Amino acid sequence: MADYNHRETEQKWQRFWDENQTYRTTTDAAGQASSKPKFYVLDMFPYPSGAGLHVGHPLGYIASDIVSRYKRLKGFNVLHPMGFDSFGLPAEQYAIQTGQHPAITTENNIATYIKQLKQIGFSYDWSREVRTSDPSYYKWTQWIFMELFNSWYNKDTDRAEPISTLLEKFATNGTTDVNAVCDADTPAFTAAEWNNLSATERHAITLHYRLTYLADAVVNWCPALGTVLANDEVKDGVSERGGYPVEQKKMRQWMMRITAYADRLLTGLDTIDWSESIKEQQRNWIGKSVGASVKFALETDAATSIEVFTTRVDTIYGVTFMVLAPEHELVGSLTTPEQRDAVEAYVNAAKLRSERDRMSDVKTVSGVFTGSYCLNPFSGEKVPIWLADYVLAGYGTGAVMAVPSGDQRDWTFATHFGLPIVAILDTQKDVDTQADNTKEGRYINSGIINGMTYKEATATLIAWLEERGLGSARVNYRMRDAVFSRQRYWGEPVPVYFKADANGTVLPYLIDESELPLELPAVDKYLPTETGEPPLARAEGWKYNPTPNPSPSQGEGNYEYELSTMPGWAGSSWYWYRYMDPKNDSEFASKEAIAYWQDVDLYMGGSEHATGHLLYSRFWNKFLKDRGYVTQEEPFKKLINQGMIQGRSNFAYRIKGTGIEGVPPVFVSLNQINGREVTPLHVDVNIVENDVLDIEAFKKQRPDLADGAEFITEPDGKYVVGAEVEKMSKSKYNVVNPDTVVERYGADVLRLYEMFLGPLEQAKPWNTNGIDGTFRFIRKFWRLFYEEKADGTSKWVVTDEAPAPAELKILHKTIKKVQEDIDNYSFNTSVSAFMVCVNELSTLKCRKRAVLQDLVLLLSPFAPHITEELWAALGNEPGTVSSASFPVFDPKFLVEDAFEYPIQINGKVRTTISFATDRAASEIEQEVLANDVVQKWLEGKTPKKVVVVPKRIVNVVL
RNA sequence: AGCCCUGUAGCCCAACCGGAAGAGGCACCAGAUUUAGGAUCUGGAUAGUGUCAGUUCGAAUCUGACCAGGGUUACCA
């Protein structure tokens with residue numbers, strides 16, 4: 001064997017692993033899975049985009065693969081799968097442009113992905129691969145949808161229950177005992193009333209309770225994409241994908257009652273090991289506010305009142321005006337004839353302002369008086385009612401009791417329109433210059449709460465309100481129910497059809513479970529129809545005919561299916577269970593498999609899913625738990641967000657005034673610019689090495705820029721480029737493809753180098769400059785085993801000699817460090833620990849099998865190919881390095897007899913003295929003070945204090 | 001505007017519960033080897049930890065304020 005050949009070796013082992021299914025995880029459904037403890041390592045579901053992987057994508061995969069391999073060596077039964085979230089917009093957009101079926105595009109993209117992933121040597125159990133767009137997978141996504149449809153949320157038991165328990169309650173006691181999360185306009189009725197209803201009437205009522213339901217919702221409609229978007233798919237008023245404008249539109253949509261779980265989604269965060277920033281983002285998204293709702297009756301109509309939500313009911317005596325959202329339903333009836341023109345103008349202007357305008361313009365104060373008044377329930381004072389667009393129709397009740405002395409927005413509004421400002425706490429300061437939202441002090445100008453503290457006042461006011469039916473304590477959430485419909489083709493069909501009863505009322509019904517999966521039909525085009533219906537309306541003859549066959553003569557059958565499809569997050573909200581039992585055709589995963597694997601121990605992925613996927617998955621998981629299908633309340637115990645890998649762009653500098661009409665371009669090297677006016681132009685980072693440009697390659701690649709160009713180089717003839725960190729993207733010519741790196745340096749080097757770049761969770765730029773270091777490391781490691789001879793051949797030099805203490809010390813120091821680092825997900829430091837180890841063993845010329853074999857095992861999670869090769873060369877069964885045992889750290893090899901103490905005088909090191917590690921501090925102190933150097937510094941004085949820290953330092957304080 | 005993360009050699013990064021600022025890598029310089037380049041080996045130089053205070057015998061580490069960069073949310077009553 002000559003010098004290490006990574007191409008040959010890596011391909012050999014990748015083939016071996018494939019053929020021998022080395023990483024196949026066996027959990028047999030019988031439950032006797034394995035006596036080993038389980039460990040589930042999961043990477044976030046990738047969407048297989050057409051561009052393939054760039055060098056930033058594998059970062060998290062490498063880290064999770066290291067953990068997987070490490071845990072296997074540590075005796076765990078590891079589940080480490082990979083699959084594809086393969087429904088989605090890009091394939092569909094491509095289909096619209098080219099007419100190619102998205103399934104074909106998706107298939108091709110996945111093939112590229114798998115090829116790239118396999119090249120990096122990941123230990124995925126590919127036999128468990130799943131794809132959300134596969135009918136055998138989405139059968140179960142549809143099944144879960146059906147379960148949601150067949151469930152309601154019982155607030156008394158605080159969990160989801162089958163709809164049957166609700167029907168029982170209706171039949172025995174009507175709505176009296178029902179404490180459910182349901183629509184706002186749900187009617188109340190008695191058991192007798194219920195029992196007299198027709199089947200369709202009953203069905204209509206249950207629709208108010210189901211965890212997925214149809215509603216006319218104001219949605220984010222994106223005309224360019226032809227679909228609605230969830231709130232988390234809209235960024236800055238434009239679509240996250242594509243950046244198209246989004247407008248508000250009322251449409252009939254399937255909704256998910258995630259708000260039923262708001263509180264559990266919030267409290268569950270305290271039980272999981274996720275980064276504080278992600279948890280905080282989820283908390284903000286859920287947006288729980290504890291407060292009260294209060295009714296303000298109208299001055300002219302005591303029967304009608306405006307309800308507000310407030311978190312500071314204690315400030316109610318400071319209310320000097322009321323503000324409604326321009327969309328508020330009472331606006332019309334509240335407006336007096338004198339104000340009508342002004343109000344209408346304002347409401348219309350607000351309607352025209354897009355979400356985006358509103359957001360970009362938060363400074364301008366605007367509003368209009370309706371002319372009407374309501375009454376403060378406590379003081380009975382007249383409160384003028386205004387409209388302003390700083391009040392959001394969608395939050396709380398769309399109305400705010402304005403307390404200018406305590407709330408800055410109210411203060412700004414009051415000041416602008418000359419409304420009164422009344423202080424209500426004796427500690428409030430300068431309410432003439434700004435609002436003061438303190439809760440300290442005692443109330444003034446405040447009727448029944450004068451002299452009370454915040455706590456006393458709040459309790460008193462709420463009790464008073466509840467007694468009179470004028471309000472109550474209330475919790476409000478910012479989070480809304482999630483829109484579940486997408487007017488798209490490439491997604492899961494919703495297993496619902498619509499049927500009219502004798503009176504012509506059309507209601508949704510689930511298809512029969514035996515008919516799952518409801519497969520996506522073929523269509524002639526992937527666009528909405530001319531009448532604006534979703535693409536599925538184009539499917540010829542796509543109608544529901546329940547089995548056994550209905551009689552069409554009676555008007556049965558040929559029912560319309562739901563034409564919208566599910567959103568991207570549907571398939572990814574439960575996929576980790578499918579990996580547990582991916583081929584199961586009778587359940588989404590067997591009870592035994594779920595009981596064994598339970599939950600994900602380590603979840604690796606980007607933080608961009610903070611409020612989308614990670615919230616929806618927790619929601620569905622809680623639902624499945626409630627219904628008894630899964631065992632854990634939270635799906636992902638530990639979450640790590642790998643940092644984004646940014647691009648590092650390179651620039652060539654063209655002197656201004658050159659490269660235009662007849663003037664040939666002149667490029668000047670970075671250090672030769674000397675204040676000249678230059679235009680920086682991106683150059684492909686792949687033709688730059690250590691910031692030196694390959695001029696010939698540049699000319700060839702960009703004749704448009706460099707044809708006939710002159711290059712002013714450094715004195716040594718090199719053209720040095722500039723560099724800047726930017727997002728990795730094609731347009732910036734800074735994309736580095738992992739395939740290129742693997743070809744040149746090998747997968748092991750890529751893996752090591754990606755980890756070596758820096759802390760996993762930190763964002764960092766990709767810079768190929770440093771990769772030579774890890775490349776040298778791998779070869780140096782190889783040379784511990786094979787020595788190169790003068791004639792260029794290599795010789796196996798490992799011996800069976802007993803290792804020396806110094807060698808064992810190096811080994812065990814490394815075992816300890818690597819183990820601790822992996823446990824802390826600090827992979828950059830373990831790579832350098834390996835470098836130290838190999839450097840030290842090389843210096844000692846250590847060839848001992850007892851040391852080197854353990855080192856091979858230690859390194860195998862990071863560099864699986866070379867270690868597999870050496871493991872076999874050491875005489876072990878080929879292909880078994882991943883099923884061996886991790887070397888055991890033994891502290892006895894690290895024991896030191898003596899420690900060289902730095903001796904400080906007043907914090908400055910003046911000398912060092914060696915002491916046995918078991919010397920008592922008092923003895924050390926005496927000897928230190930007797931030391932010549934110390935005596936010299938003492939100058940005969942007695943030290944104030946002597947600090948002796950065992951095995952660290954001695955400090956003599958004068 | 002709020003919250004979170006990060007500031008250590010030319011660059012990427014280490015330094016545990018405060019204990020001699022440097023482990024590792026890149027780049028750079030010198031030497032050895034080599035026909036040359038590459039590769040390899042040996043040796044070397046460079047920072048006082050973003051700024052200012054505080055706590056301490058002792059601060060890169062803890063606290064506070066500020067500055068810079070990145071992320072995230074955004075009128076939530």
Side-chain angles (χ1 to χ4, degrees), chain A residues 3 235-236 275-281 283-285 287-289 291 308-312 315 323 358-359 361-363 388-392 394-403 406-410 412-413 476-479 607-608 610-611 641 643-644 646 648 690-692 723 725 752-753 756-759 761-765 767-777 779-780 783 788 817 820 824 826 828-839 842 900-910 912 943-958:
Chain A
D3 207 15
K235 296 268 140 87
D236 298 329
S275 73
E276 216 28 64
S277 83
I278 296 271
K279 289 201 215 179
E280 198 55 29
Q281 283 179 53
R283 286 189 194 110
N284 290 339
W285 191 263
K288 181 179 183 175
S289 311
V308 299
F309 172 75
T310 176
T311 54
R312 289 295 300 275
T315 63
V323 198
R358 271 202 186 190
M359 282 199 296
D361 175 29
V362 296
K363 294 275 183 302
D389 66 2
Y390 78 84
V391 177
L392 306 177
Y395 182 76
T397 59
V400 170
M401 57 175 230
V403 184
D407 182 286
Q408 189 56 44
R409 283 158 311 169
D410 295 346
T412 309
F413 193 84
N476 211 30
Y477 295 95
R478 197 184 81 113
M479 183 167 68
S607 54
E608 67 272 21
T611 49
N641 302 116
M644 207 195 8
Q646 297 144 315
R648 184 176 182 274
N690 289 325
D691 292 342
V692 175
V725 173
L752 285 164
Y753 186 59
F756 189 57
L757 275 177
E761 300 187 64
Q762 217 164 281
K764 53 212 164 244
N767 181 356
T768 310
N769 287 357
I771 199 166
D772 286 328
T774 40
F775 186 59
R776 280 178 203 143
F777 160 75
R779 299 205 304 180
K780 200 163 176 181
R783 284 199 306 271
E788 207 174 334
K817 175 76 177 145
E820 286 171 358
N824 293 320
S826 170
N828 55 325
T829 49
S830 43
V831 174
S832 59
F834 283 122
M835 290 174 171
V836 172
C837 177
V838 167
N839 286 347
S842 299
E900 183 90 0
Y901 282 83
I903 311 297
Q904 296 182 336
I905 314 288
N906 279 345
K908 293 208 161 53
V909 177
R910 299 301 182 186
T912 60
K944 275 201 206 111
K945 191 173 179 185
V946 179
V947 183
V948 178
V949 185
K951 284 199 266 184
R952 288 229 188 265
I953 206 162
V954 178
N955 191 5
V956 180
V957 187
L958 295 182

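Bear in mind that the values here come from a model prediction, so they are computed numbers and not experimental data. Numbers restart at 1 for each chain; the letters A, B, ... are given by sequence-line order, proteins then strands.
Distance noted for atom C1' between B:U51 and B:C17: 28 Å (whole Å). Annotation: B:A20 and B:C26 have their C1' atoms spaced 27 Å apart (nearest Å). Taking atom P in both B:C13 and B:G70, the straight-line distance is 15 Å, to the nearest Å. B:A15 and B:U61 have their C1' atoms separated by 9 Å, given to the nearest Å.
When each of B:U72, B:A77, B:A27 is scored by its nearest atom to the side-chain atoms of A:T310, the top-ranked nucleotide is B:A77. Side-chain proximity of A:P902 to B:G19, B:G24, B:A20: nearest is B:A20. When each of B:G25, B:G58, B:A74 is scored by its nearest atom to the side-chain atoms of A:N955, the top-ranked nucleotide is B:G58. Closest to the side chain of A:Q904, out of B:U72, B:A20, B:A14, is B:A20. Closest approach to the A:P759 side chain among B:A74, B:A14, B:A77 is made by B:A14 (side chain taken as heavy atoms from C-beta onward).
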Sub-3.5 Å pairs of nitrogen or oxygen atoms, protein against nucleotides 41-45 of chain B:
unit_1: B:C41; atom_1: OP1; unit_2: A:R783; atom_2: NH2; d: 3.2

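Rounded to whole angstrom, the span from the CZ atom of A:F834 across to the C1' atom of B:A23 amounts to 15 Å.
Applying the ring pair (Phe, Tyr, Trp, His ring centres under 6.0 Å) test to A:F834 and every residue at least two apart in sequence or in another chain returns A:F862.
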B/S/- along nucleotides 2-12 of chain B (protein heavy atoms under 4.0 Å) is -SS-------S

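The side chain of A:R283 places no N or O atom within less than 4.0 Å of a non-bridging phosphate oxygen (OP1 or OP2) of B:U73.
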